[in-house]
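Below: one structure, written as structure tokens.
We name chains A, B, ... by the order of the sequence lines, and we start the count at 1 in each one.
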There are 4 protein chains.
Amino acid sequence: MTQPPPKAPDSTRRSERSRRAIYDAALALVAETGYAKTTIEGIAARAGVGKQTIYRWWPSKAAVLLEAYLDLTAQAADVGDDGGGESEIPDTGDLEADLKLVLRATVDELNSPAYDGPTRALAAEGMVNAELGAQFVEKLLEPQLQLYVKRLRSAQETGDVRPGIDPRTALELFTGPLTARWLLRTLPLTHEYADAIVEYALHGIAARR
Amino acid sequence: MTQPPPKAPDSTRRSERSRRAIYDAALALVAETGYAKTTIEGIAARAGVGKQTIYRWWPSKAAVLLEAYLDLTAQAADVGDDGGGESEIPDTGDLEADLKLVLRATVDELNSPAYDGPTRALAAEGMVNAELGAQFVEKLLEPQLQLYVKRLRSAQETGDVRPGIDPRTALELFTGPLTARWLLRTLPLTHEYADAIVEYALHGIAARR
Amino acid sequence: MTQPPPKAPDSTRRSERSRRAIYDAALALVAETGYAKTTIEGIAARAGVGKQTIYRWWPSKAAVLLEAYLDLTAQAADVGDDGGGESEIPDTGDLEADLKLVLRATVDELNSPAYDGPTRALAAEGMVNAELGAQFVEKLLEPQLQLYVKRLRSAQETGDVRPGIDPRTALELFTGPLTARWLLRTLPLTHEYADAIVEYALHGIAARR
Amino acid sequence: MTQPPPKAPDSTRRSERSRRAIYDAALALVAETGYAKTTIEGIAARAGVGKQTIYRWWPSKAAVLLEAYLDLTAQAADVGDDGGGESEIPDTGDLEADLKLVLRATVDELNSPAYDGPTRALAAEGMVNAELGAQFVEKLLEPQLQLYVKRLRSAQETGDVRPGIDPRTALELFTGPLTARWLLRTLPLTHEYADAIVEYALHGIAARR
DNA sequence: AGATAACCGAGACGGTACGTCCCGTCTTTTT
DNA sequence: AAAAAGACGGGACGTACCGTCTCGGTTATCT
């Protein structure tokens, strides 16, 4: 019933060389001129590639950039063991300290221009473009969130967190406020803010002493 | 030393008729075709207005839309006393119940397509365009958040919330997770989720009993 | 000193099947969509043939079409004895009548859409592309003109045409006006016109002194 | 019943400056690189003009060039009294000599590269594009042919041409062969050929009975 | 019989130009 | 002086083809 898809290209014959060049050009242009001023035409020219080669493999500028970004983090992860925070939330036994450490690091990352620029642009695009947003969440965001799930579960086993609490929901008490402040720029993101969030939220889910 | 300002137009002679038409056209077009496909040219044509009339009074498409949107909510607020939740958070004495009520209402609002479309577009634009974002926050968001501040302060007075808690920070435990889920579409926004957030967060900031 | 020729393909191994398919596809596409909209890519697709197979054997779209057209007329000539007027100009002894007959037939042919379309396109291309034009003239046009030469020579033998006349030049008095009218569409091509041309040219337009 | 035409632009507000620049750029590019390699994009760039300004006023590259060419001849005609042969066919009383003079001049013109290039391209395009062809004939060709009509009529009055002859048809005995040879390049265009055509056509090729 | 070339289909590739859309500025005319 | 109207120079869009270039997969000789 669905109309025939418009001739999917043969991905086995895809030029790896071009893909790499496109990733590099896209990331460079976004870094230099910002997301909004980066154009597909510009990426193609910089990469020494025909425009059609981009249109053949990606549906939009945002998709190109998401993939380039993903590739970048994947590469980073390959080199060292921890590329972009994929690693772990520390588990020293002191849940509050562990969370503060992580949230402070997150605050620093969100405040660093190198991260903020492209990520913000991608996130904004994903907010409007549902398909892209889903990819953004699935590939970039959710893996990070799962680290919280793991740490909170561990805390439940040690009795630091009440058993009834759903970790996937609870984690948003910590990440939600930071994410919202970052995206909407309501107020500055500081270490003090991160600490406060941890303190306030942790009391909520912690076992009664 | 500053270069001469680019001929500020005389706002006393501004055509009210045109402004109204532009607001209407802008909102209609965003509703019909989405923010991205709405163009200044389109707005002008639809409003029966010269393009220059738009460029004279607004710096960008986003600014037009923000103002149109603000105007819309102001109108709504004028008619009934409560237009878009500008009113108050109820204060029945039961803080948990009051917050659940409000958050559930917020969930419903965020889930309604009529609200979601234009607001999401504006928010996304504001995320990338700092000036617009500031306006968005100042005019639309912060007033809403201040309602929480008021309610939490009241709860502190009744002893439902510990005195040391900063209400402006604490409120984000409630709104942050919802906002983040809405913008990033990580998981569906439900009443159950709203309830859980209130329960988890409230324990954190509540007085020890 | 001449650079090595670009690897001439081995024509003994050429696929007859492909050639036929290309001819057919090319003629069909020109008939359906016109010469300008016919593309090599389209011919290849329609013929179920790789593009390279066309580029290997022909230098240009026009060359493909000229050959296809030549093949078509050759086929036609094979079937009946007279395919496209290759035969003869009648020689009844009445030169004027014979020429009128032929020119009227030519008018009809030029007026028929089936002939006009592709021939006009090829002629127009040949006008700009000298090499193709030469082929067009040599293979298609000149053989036809030689029929006039033969008939006019015969007329000289019978004394119907003055001995000093050069037949190759004289024939253009008849064909030139028709060709020019057809190509430039200055005025409609009619039997009356053909008759008038024959009469004027044959008897001269000057008053007898 | 006809669908509304796609918004005709307001020609009173047309930029004369742009039009001139486009004419100049178009003619220069055709002279330098030939018609086929001349692109609308190239004309726009060379003229310092937006592409849309060309598309707004002309339907095709050929139309631009026809107009540029027309403008050129009109300018030439304005300066001297005779710009492009618009003048007259001489009338010395010797019809044969007068025609030979004119046809020899035509041969020279057709043989000159400066004329041949653009005219051939326009003619070829007009052969395929009927609307353009009609303009080409009406604006450029027919005015020239009418000069022959005038001269032949004069010859009829002096008795040099039989009264029954239709001048509009008869003129094609002279121009048709030249035009056909020029367009199709069947054989070279020489003064001898021009003379022969005049002689044959004027006196008839048939033997006097 | 097996090797080894060439042709062949398919179609990805770097490019160029297309014709369209919209940008933000400028100019003309009307109110 | 603001406003409706819209032409303008410019830039990017997404598409269509160009002619070249690999890819396997048949043939079709030539060892």
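Taking every heavy atom of both residues into account, T33(A) and T38(A) meet most closely at OG1-OG1, 3.5 Å. Y35(D) and K61(D) make their closest contact through O-NZ, 3.1 Å (heavy atoms, listed as atom of the first residue, atom of the second, distance).
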Any chance you could list the contact pattern along nucleotides 8-13 of chain E? Use B for base contacts, S for sugar-phosphate-only contacts and - for none, protein heavy atoms under 4.0 Å, 5' to 3'.
BBBBBB
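Across the interface with DNA chain E, nearest-nucleotide mapping of T38(D) and T39(B) shows T38(D) to be the residue nearer the 5′ end. Nearer the 5' end of DNA chain F, as judged by each residue's closest nucleotide, is the contact made by K37(A), out of K37(A) and Y55(C).
Reading DNA chain F from its 5' end, the first and the last nucleotide to sit under 4.0 Å from a heavy atom of chain B are dA1(F) to dA7(F).
Taking CD1 of I54(A) as the reference point, atom CD of Q52(A) lies at 10.0 Å (rounded to 0.5 Å). Interatomic distance, CZ of R56(D) versus OG of S11(D), reported as 12.5 Å (0.5 Å rounding).
Between N129(D) and E131(D), some side-chain heavy-atom pair lies under the 4.5 Å cut-off.
No salt bridge links D71(B) with R19(B); every basic N to acidic carboxylate O contact stays at or beyond 4.0 Å.
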Test R46(A) against E32(A) for salt bridge (charged side-chain N to carboxylate O under 4.0 Å, His left out), laying out the working first.
CA-CA 12 Å; R46(A) 172 91 159 230; E32(A) 288 169 21; 2.7 Å; yes
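Both tests hold for R14(C) against W58(C): distance to the six-membered ring centre under 6.0 Å, angle to the ring axis within 45°.
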